[in-house]
Amino acid sequence: MRIRLGLIYLSAAVAAALVAGCRVNRPAADHAKQQILYRATPSDPRTFNPILITDATSSTLTGDLLESLIRVNPITLLPEAGLAEKWEIAPDNKTITFHLRHDVKWFDGQPVTSHDVQFTLNVIYDPKVPNSFQPILLIDHKPIVSETPDDYTIVMHLPKPFAPLLYSIGIPAIPAHILEPIWKAGNFNHAWGIDTPPDKLIGNGPFHMTRYVQSQVVQYERNNDYWMKDEHGGQLPRLHGQAYSVVQDRNAEYLRYLSGQIDVYGPRPEEVLDLQQKAERKELDITVREIGVDTGTLFFTFNRNPRHYVKNGVTNPKLNWFTDLKFAQAMAHMVDKKSIISLVYHGLAVPAVADISPENKIFHNPDLKDYDYDPKLAADLLEGAGYHLSKPGVRTDPKGNRLEFDLTTNTGTPDRDQMCAIFKQDLEKLGIKVNYRPLEFTTLVDRIDSSFDWDCLLMGFTGGPEPNDGANFYRSSGNLHLWNPFQPTPATPWEAEIDTLLDQGASEMNMAKRPPYYWKIQQILHDQLPIIETVRQKRFASWKNSIENYQPKVWGLYKPEWIQFKAD
Amino acid sequence: MTQFLLRRLLNMIPLILGITFISFLAMSLVPGDFLSNLKMNPTITPEVIKQLQAQFGLDQPLMVRYAKWLWGVLHLNFGISLSYRVSVTSLIESRAVNTIILSASSMLFSWAIAIPIGIIVAVNQNSVWDRVLSFLAFFGMSVPSFFLAFLMMYLALKTGWFPIGGTFSVDYATLDPMSKIADRINHLILPVFVLGISGTAGLMRLMRSQILEIKNSEFVRTARAKGLSERVVIYKHVLRNALNPFITMAGYSLGDLLGGAALVEAVMNLQGLGLLLLDAVRSLDIYLVMGSVLMGTVLLLIGNLLADIALVAVDPRVDYSSVAAE
């Protein structure tokens, strides 16, 4: 036995020697010399098929493979040329003609033509291909009819004037010569899955994919035939390649940035200060910059759905409170945005007033007045509406029911947890009992969507440049009209007004005349308080100083093709 | 023995059916389904959700779906992962190798440390060594492995001796074969240490108590009375008798090989099965979960069987023919 134990130690020693002796022979990883930008992505792609994508990671990872028909400028938020060099809107406001560039080629050398764009539209409208482009490209449930007079012109006939089209038509064109046979054979839903060899992903964008290893890395090389040239006629993009490491854990990603393994990073509030100090003390040669605030919205909302609260002809008193404007105003005055900002976001957030983020410079309504945190005023409002303190710490409605409700949000989001805790504590000072019960996201969605079994909810939505993309939220018949979804006819006059404004805003083709409709919608939501806005986090970006022309905006990178590492 | 094996194998069938059915039921009874995650996306309408439900077969009743899944499994088709849209087999395959390498190395690591230390400590019961090593063992047991993982990542960042997470380097494909192996080993050291150290403590304590128990039994006294040297007594008599529970444990850990390191995987960015399974459960990706459950179950059952067979080989007192005859 002694010999055997000896053997174990001997093999251990050999192993240790191996470990010590094996050296990885590699040229020092020099991102700048290689002109390869290293980044991190929080999860694996779900698919490389641009039409089937429903998650953010997959769209980031396929974004550089395909050029979209038109782009949105991340600074002005206006549509600008992409695959389509220019476009004209006919006087009837229902016909749009797109003129494609003549110099765009697929990676296999085939030209990109109007047939590719038309094919893309056909796939999107195919009911057997469920995808997220379809709803935003259906106008009154009717598809756009397109024709291709020549290889570089595509004419789209809309069923009625529809201004949001210029944002929603930013679809990536897919190669008909590759994918049409697959689509005709009925296999489109399995085309370009994550098991596709990267060289089979035929795109037309600035980079092509060279390698994907599950949960590890996605690598790209520059497309030397890309159509864009810089002001001196130089080939774009300037980077020779890109690599995304899949790093699920945020702390691990941060460590990678600190060690220089990745070149750019979007720091969280608690990391911003740390990075700024490291930059000041010259520990790291990096830039940390505030780039704006969250483009989405994060709000409390109270359930106003009679399908949940009226059972067998008996109305739950909660429905009366939650539809009472005075109650809603009192609640709005109880959201302590200052404390939320300092306690939850380390001061790196701003109060949110309008539902559309101020980052949406076109549609944000800047004239709304915030509901200040004012427990005294809130108490007066409640007293005035008949909600009295029956004994200390217990507030009841005019019929004597104790004010008590459930507050919920999804689990696994510490910032929402803390916000709910702050809101709960404040309401308890008014004698309102709040039961905080966070739920797993899928369970929560089931309650919002099917059983309607919730009282008060802290919920967030991401925002886009086109407010009509949120129509499912604004419209009373929408499935995301959280407080009372799927209404056959609008339950209140102001919900009816929002429905009308949405229709008007969408059919106004003159861009300059559109914003007032959406300002009014924000005004109504602000006055009627179906949603009570909270705060918007500030967004930061950090990058190594060896990178030039890196211009992150909250809506995306500005002129990403110009990014490069400084020459030594 | 043959009869015993046959009975055990037949017994596995109802077990596997039961376990998979209960898991399937549990996954289906959770409110919401895989598509719930899409329902909060403003650009995805209920119509698209319905189309997707039909495409994935989620609109069918539970029993029909289970029967279809089972039928597929009998033909070695484990279904399609809902979130990745590729076959469950290909997803599990690509990660299983990593997980097996990692788990097997950390198991070897902890056994190689725990057993010798367990012996030393038991033989020198109540000595200073016993106290110190037992203290360290309890310490190792009580430090959560994900925390240890964070500490190690910090160490890697500060010293630069080890890579910060991952299974291999970004430029792995361009390396020469020896460097590839070295790169892999280099990435394995910290995870193996983190995963191994938490198992070490338990194993060591087990070894110690086993030996202490047997050391005082009558046959050991007999052996000593025969005048055998202490070395022969310990290694030849005590140790051999102490090994039985370890063989059983080895069998069990075959099932564990593929699961239990999700937290460490997340922190150290290792693409293993644990994290894949955890994500699958959270997003209700039912076929991916079922594939993992099935694999785990089969491995556990086979591991147990192998352990039982190994026991016969090691310990002549164990005899299954009498069990089979009952």
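Values reported hereafter were calculated over all heavy atoms of this structure, with side chains retained and with hydrogens, waters and symmetry mates removed. Chain letters run A, B, ... following the sequence lines, proteins first, then strands; residues in each count from 1.
For A:I448, the part lying near chain B is the side chain, with the backbone staying farther off; criterion is any non-hydrogen pair under 4.5 Å. A:F133 does not touch chain B: none of its heavy atoms, backbone or side chain, sits under 4.5 Å away. A:V246 touches chain B through its backbone: at least one of N, CA, C or O sits under 4.5 Å from a heavy atom, while the side chain does not. For chain B, the nearby part of A:F441 is the side chain; its heavy atoms alone come within less than 4.5 Å. Proximity to chain B involves both the backbone and the side chain of A:S132, based on heavy atoms less than 4.5 angstrom apart. When heavy atoms are compared at a cutoff of 4.5 Å, A:N131 approaches chain B solely by way of its backbone atoms N, CA, C and O. Proximity to chain A (any heavy atom under 4.5 Å) is restricted, for B:D279, to the side chain, taken from C-beta onward. Contacts of A:R250 with chain B are absent, with no heavy-atom separation under 4.5 Å from either backbone or side chain. Looking at A:P45, only its backbone comes within 4.5 Å of chain B, counting heavy atoms on both sides. Only the side chain of A:V217 comes within less than 4.5 Å of a heavy atom in chain B; its backbone stays farther off. Residue contact with chain B, scored on non-hydrogen atoms closer than 4.5 Å, is absent for A:E253.
Listed options A:Q248, A:R447, A:M459, A:Q216 were ranked by heavy-atom pairs under 4.5 angstrom with chain B; first place goes to A:Q216. Interface summary for chain B: among A:T47, A:L258, A:N189, the most heavy-atom pairs under 4.5 angstrom belong to A:N189. In terms of heavy-atom pairs under 4.5 Å with chain A, the best-connected choice from B:R282, B:E47, B:K50 is B:R282. Ranked by non-hydrogen atom pairs under 4.5 Å with chain A, the options B:G32, B:S36, B:A54 are led by B:S36. Of the residues considered (B:L284, B:I234, B:L157, B:L270), B:L157 shows the highest number of contacts with chain A, using heavy-atom pairs under 4.5 Å. The most heavy-atom pairs under 4.5 Å with chain B, out of A:L444, A:N251, A:L482, A:T462, come from A:N251.
Nearest heavy atoms, A:L480 versus B:K39: CD2-O, 3.3 Å. Across every non-hydrogen atom of A:F461 and B:M40, the tightest pair is CE2-O, 3.4 Å.
Here the side chains of A:N479 and B:T45 are not in contact, with every heavy-atom distance at 4.5 Å or above.
Atom CG in B:L52 sits 7.5 Å away from atom OG1 in A:T54 (nearest 0.5 Å). In this structure, the separation between CG on B:L276 and CD on A:Q214 is 8.0 Å, given to the nearest 0.5 Å. Put simply, CG on A:L255 and CE on B:M153 are 5.5 Å apart, with the number rounded to the nearest 0.5 Å. With rounding to the nearest 0.5 Å, the separation of CD1 in B:I44 from CG in A:N472 is 10.0 Å. Distance check, rounded to the nearest 0.5 Å: OG1 of A:T442 to CG of B:L35 gives 11.5 Å. Distance OG/B:S87 to CG/A:D195: 7.0 Å, rounded to 0.5 Å.
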*asked:* With salt bridge (Lys or Arg N to Asp or Glu O under 4.0 Å) as the criterion, how do A:D44 and B:R85 come out once you've worked through the C-alpha distance, each side chain's angles and the decisive distance to 0.1 Å?
replied: CA-CA 12 Å; A:D44 269 304; B:R85 294 173 190 248; over 6 Å; no

*After noting the C-alpha distance and the side-chain angles of B:Q55 and A:K128, does the key distance pass the side-chain contact (heavy atoms from CB on, under 4.5 Å) rule?*
CA-CA 8 Å; B:Q55 187 191 327; A:K128 288 199 204 70; over 6 Å; no

*asked:* side-chain contact (heavy atoms from CB on, under 4.5 Å) for A:D249 and B:F150? Distances and angles first, verdict last.
replied: CA-CA 11 Å; A:D249 187 80; B:F150 270 124; 4.0 Å; yes

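Within a 6.0 Å radius of CZ in B:F147, other residues, nucleotides and ligands contribute 12 heavy atoms or fewer.
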